[in-house]
2 protein chains.
Amino acid sequence: MNRTAARTLDILNMFAKAGKPLTQNDICQALDMPKSSVHDLVYTLLEKGFLEYDNEQFKTLKLGLHLFEIGMSVIEKRNMVSVARPYLLKLHEAVHETIFIAVEDHADVVYLDCAEERGIMGGYINLGGRRPMYCSGLGKAILAAYNDPQTVKKIIKEGPPMKAHTANTLTTIPKLLKELEITRKRGYAVDNREVEMDTFCVAAPVFDRSNLPIGAVSVASVFTRMPPDRVEECGKEVINTALEISKQLGYQKPTLY
Amino acid sequence: MNRTAARTLDILNMFAKAGKPLTQNDICQALDMPKSSVHDLVYTLLEKGFLEYDNEQFKTLKLGLHLFEIGMSVIEKRNMVSVARPYLLKLHEAVHETIFIAVEDHADVVYLDCAEERGIMGGYINLGGRRPMYCSGLGKAILAAYNDPQTVKKIIKEGPPMKAHTANTLTTIPKLLKELEITRKRGYAVDNREVEMDTFCVAAPVFDRSNLPIGAVSVASVFTRMPPDRVEECGKEVINTALEISKQLGYQKPTLY
DNA sequence: CTTTATAGTTCATAATTGCGAACCGAGTTC
DNA sequence: GAACTCGGTTCGCAATTATGAACTATAAAG
């Protein structure tokens, strides 16, 4: 790896994680780099608009708007999102819950878009944010769609060890595989308070023209609003929506899933 | 400037602009770099998740999802957007047109958020996208708010020369300054087909606690839907919305604007 | 099946970058 | 007001990176 390039990218990552303006010195400490080296890279990042000075505090830095621009261009080109949008809105109309669409990335799901006022979930989820696949409805929908224990194991092992977020979290691969078996039969995945005390989701996978799962759609709600018959209803809706999106993306197989 | 860092960032920019997967060779040509140098940097960008291989075509590269994550984190921290969102939705309810919120960046406005189904504007505008300030309602709202010809000149000169996008575009600084004078008196800015043949916008500036304009809100529509009395109506609404948002951000002065 | 073209990889050495130490400037403390 | 602190800047030599040329892999053409 090229050290200079790696350091440059590490600095960007650091700012993204930090969530607050930082000084050059903060970078030195966190990344264990000499001041003079940080100085040179920060200068370049400033020149290129990837960093800017914060107006509030003297000599503190933050990520430049330019990175927002680049970030948006990433998903504009992944056209699942644009194809899916009208379907997400329709699903939202139908169930009046927050709708998410996400893709797999390493052992996580990454939230790409939502239909609903942001913040109604208590601000837990940000677009661009991540969750481990094993404890997310979206993640389990995708994993179930692979229909292959080996693939599931491989994916999960790419990420950090499974850990309990709540009493309901599945923390071993056998438990997860059994749950995926049920998910496949049921047709939709369920997150029954596996990552937060009160959230409850149902989710279904989206396939592309090569019949591989490329993402998932979810209906996210709170536990108290989801008695069994409501779960069933939302499950049917989310399966339908995911299937319609899949068809738009060239999915052929008349769904045995 | 640090050449390695600059090249690394240039590669990211190139992918963002390109809008399609690229090969290492494409990079060599576009950025005039030797193959071996590109190779090293691409390797690092891949390792760090800033680039990934495209599944469709062998050995072509595209921007990694990780950059979407970073991009979103940029605006999460600029809290005007989160504060503004409910107001944008309310304004949308009131006027049933597409609502945008944008900030200034160099001589451009950058679109940060919208309320309305994406794509209703014919896909002209993407969140994260840019327009020159001089031919955008949002831009003119911000410029008018500075209330200082020197500042306006300085900002406009940061960008490329003013150029006509349509017959209505203002292409000289004196014309622009005169228009800003009218804008100030009227209270809202107008884009009367200055950048596209049929779009018509009204916009008003958003201020922060130091009473400086930090962005603007617009109602974007098409020319045929905007007779004078409708413009007046939307103008009043957008001024109100911008003011409410400004107040939330600590704006004090009871608005002489 | 040989040739040509295209894209990527490797490697030794020239060219650039990294870094310690010294320095600056603006606050704070004693 | 001397001494200390915290953040940033400068500079010359040691350490790392960049690169041309040679090489590999794969696909397309003859």
Side-chain angles (χ1 to χ4, degrees), chain A residues 1-67 77 209-210, chain B residues 1-67 74 77 210:
Chain A
M1 257 213 268
N2 179 309
R3 186 175 57 165
T4 311
R7 284 174 161 187
T8 306
L9 303 176
D10 286 342
I11 291 175
L12 295 179
N13 283 334
M14 185 184 166
F15 275 95
K17 261 196 219 148
K20 61 173 188 189
L22 301 171
T23 65
Q24 288 190 22
N25 257 323
D26 294 335
I27 303 171
C28 296
Q29 292 179 342
L31 303 182
D32 194 27
M33 288 171 63
K35 293 201 295 184
S36 43
S37 309
V38 169
H39 177 261
D40 292 352
L41 296 184
V42 164
Y43 177 77
T44 305
L45 286 161
L46 280 167
E47 283 293 307
K48 292 277 175 187
F50 283 69
L51 289 181
E52 357 180 305
Y53 283 115
D54 190 57
N55 312 350
E56 323 262 312
Q57 265 167 293
F58 185 61
K59 295 241 173 173
T60 63
L61 302 153
K62 61 182 180 183
L63 292 177
L65 265 184
H66 182 61
L67 267 167
K77 275 123 223 171
R209 60 186 151 295
S210 47
Chain B
M1 259 214 265
N2 179 311
R3 185 173 58 162
T4 311
R7 284 173 161 188
T8 306
L9 303 177
D10 286 340
I11 291 175
L12 295 180
N13 282 333
M14 185 185 166
F15 276 94
K17 261 196 219 148
K20 62 173 187 188
L22 302 170
T23 65
Q24 289 190 22
N25 255 324
D26 295 334
I27 303 171
C28 295
Q29 292 178 344
L31 303 181
D32 193 30
M33 288 169 62
K35 293 195 309 177
S36 43
S37 310
V38 170
H39 178 262
D40 291 355
L41 296 184
V42 164
Y43 178 77
T44 304
L45 285 161
L46 280 166
E47 284 292 308
K48 293 277 175 187
F50 283 69
L51 289 181
E52 3 181 300
Y53 284 115
D54 190 56
N55 313 353
E56 323 262 313
Q57 267 167 294
F58 185 61
K59 294 240 173 175
T60 64
L61 302 153
K62 60 183 181 181
L63 293 177
L65 266 183
H66 181 61
L67 267 167
V74 175
K77 274 125 223 171
S210 46

Taking atom types as they are modelled, is there a donor-acceptor pair under 3.5 Å from the base of dG8(C) to the side chain of Ser36(B)? no
Please check the phosphate of dT6(C) (OP1 and OP2 only) for any side-chain N or O of Gln24(B) closer than 4.0 Å. no
Compare all side-chain heavy atoms of Asp10(B) with those of Met33(B) and state whether any distance is below 4.5 angstrom. no
Nearest-Å distance for atom pair CG/C1', residues Leu31(A) and dC19(C): 16 Å
Given side chains that start at C-beta, do those of Thr44(A) and Thr8(A) come closer than 4.5 Å, heavy atoms only? no
Look at all strands and tell whether Asn2(A) reaches a base, only sugar-phosphate, or nothing, counting heavy atoms closer than 4.0 Å. sugar-phosphate
dG18(C), dG8(C), dT16(C): which one has an atom nearest the side-chain heavy atoms of Arg3(B)? dT16(C)
So, does His39(B) get its side chain near the phosphate of dG8(C), meaning an N or O under 4.0 Å from OP1 or OP2? no
Counting only N and O atoms by type, is there a donor-acceptor contact under 3.5 Å from the side chain of Asp40(B) to the main-chain atoms of Ser37(B)? no
May I ask you to test the Tyr43(B)-Asn2(A) pair for a side-chain heavy-atom distance under 4.5 Å? no
Asp54(B) CG to dG8(C) P, straight-line distance once rounded to whole Å: 13 Å
Taking atom P of dG20(C) as reference, at what distance in whole Å does atom CE of Met33(A) sit? 11 Å
With nearest nucleotide decided by heavy atoms, which residue, Lys35(B) or Leu22(A), maps closer to the 5′ end of DNA chain D? Leu22(A)
Short side-chain N/O contact from Thr4(A) to OP1 or OP2 of dG18(C), under 4.0 Å: yes
Roughly, in whole Å, what's the span from CD in Gln29(B) to P in dG8(C)? 11 Å
Leu67(A) and Phe50(A): which non-hydrogen atoms are nearest, and at how many Å? CD1-O, 3.6 Å
With heavy-atom distances below 4.5 Å as the criterion, would you say the side chains of Arg7(B) and Leu31(B) are in contact? no
In whole angstroms, how far is the P atom of dA15(C) from the CZ atom of Arg7(B)? 14 Å
Contact interval (first through last nucleotide) of DNA chain D with protein chain B, 4.0 Å heavy-atom: dT17(D) to dG20(D)
Keeping Gln24(B) on the side-chain end and Val38(B) on the backbone end, is there a donor-acceptor pair under 3.5 Å? no
